Amino acid sequence: MARRAGIAQREAGTEAHFGDGLDGFGGSPLSGMCGGDNAIPYSNRFEVGSPNERQIAHTAQDLLPEGAVIAYQHGGGAGFGPPLQRDPEAVKEDVLDEYVSLTAARGKYGVVLTGSLQDYSLEVDHAATQALRARMSATLEAAE
């Protein structure tokens with residue numbers, strides 16, 4: 001079985017069994033605490049890119065044809081505390097570890113990074129981060 005980024009390709013006659021990761025949570029992803037964001041839900045799909053592609057709602061057990069592609073997106077955990085108050089250096093480390101994308105670092109956490117992820121030269125631009133977070137906080141307050 002080949003795997004990359006949550007996608008697997010099955011050999012002929014291989015049985016697949018997946019759950020949605022929500023067992024015991026009443027069908028909902030975990031809730032954030034103390035102002036943190038909720039977790040994103042799990043997502044499972046069988047036979048991706050074929051006419052038989054289907055979403056797996058809860059659990060499934062299926063024999064798949066040779067070359068069938070399975071996509072599994074792990075929902076991750078919920079947040080603890082407001083994203084704009086997260087230590088910018090911790091966000092940078094999460095980007096380097098590929099837990100957080102460059103887009104999410106800026107758009108969700110308000111962290112401006114310079115340099116390159118490819119050569120691990122990322123640095124936090126503290127002045128730009130402070131200015132971006134001030135603008136994002138003002139937007140959030142105006143929306144309330």
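The chain is numbered in sequence order, starting from 1. Just so it is clear, the structure is predicted and the values come from calculations on it, not from any experiment.
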Group every Ile, Leu, Val, Met, Phe, Trp and Tyr by side-chain heavy-atom contacts under 4.5 Å, then state whether V95 and V112 land in the same group. no
Rounded to the nearest 0.5 Å, the CD atom of Q55 sits from the CZ atom of R45 at a distance of 6.5 Å
Hey, could you give me the OG/CG distance between S101 and D94, rounded to the nearest 0.5 Å? 11.0 Å
If we ignore hydrogens and angles and just use 3.5 Å, is the side chain of D125 paired with the main-chain N or O of L113 as donor and acceptor? no
Measuring from atom CD of E123 to atom CD of E89, what distance do you get when rounded to the nearest 0.5 angstrom? 7.0 Å
Can you confirm whether N44 sits close enough to I70 that some side-chain heavy atom of one is under 4.5 Å from a side-chain heavy atom of the other? no
Exercise: identify the closest heavy-atom pair between G110 and T129: O-CG2, 3.2 Å
Side chains of L84 and L140: does their closest heavy-atom pair fall under 4.5 Å? yes
When you look at L117 and L96, which way does the side-chain contact (heavy atoms from CB on, under 4.5 Å) test go after all the steps? CA-CA 7 Å; L117 178 58; L96 288 169; 4.0 Å; yes
Which atom pair, heavy atoms only, marks the closest approach of N38 to G32? OD1-N, 2.8 Å
Compare every heavy atom of R133 with every heavy atom of P83, then report the nearest pair and how far apart it is. O-NH2, 4.0 Å
Connected via hydrophobic side-chain network under 4.5 Å: V91 and L122: yes
Can a side-chain donor-acceptor contact be found between S121 and D119 if the only test is distance below 3.5 angstrom? yes
Any donor-acceptor pair under 3.5 Å from R86 side chain to F80 backbone: no
Indicate yes or no for a side-chain donor-acceptor contact from D97 to the backbone of Y99 under 3.5 Å, with no hydrogens or angles considered. no
Polar side-chain atom of Q130 near backbone of H126 as donor-acceptor pair, under 3.5 Å: no
With a 4.5 Å cut-off on side-chain heavy atoms, are K108 and V100 touching? no
From K92 NZ over to D87 CG, what is the distance, rounded to the nearest 0.5 angstrom? 10.0 Å
Is it true that, when you exclude R106 itself, more than 12 heavy atoms of the residues, nucleotides or ligands shown sit nearer than 6.0 Å to its CZ? no
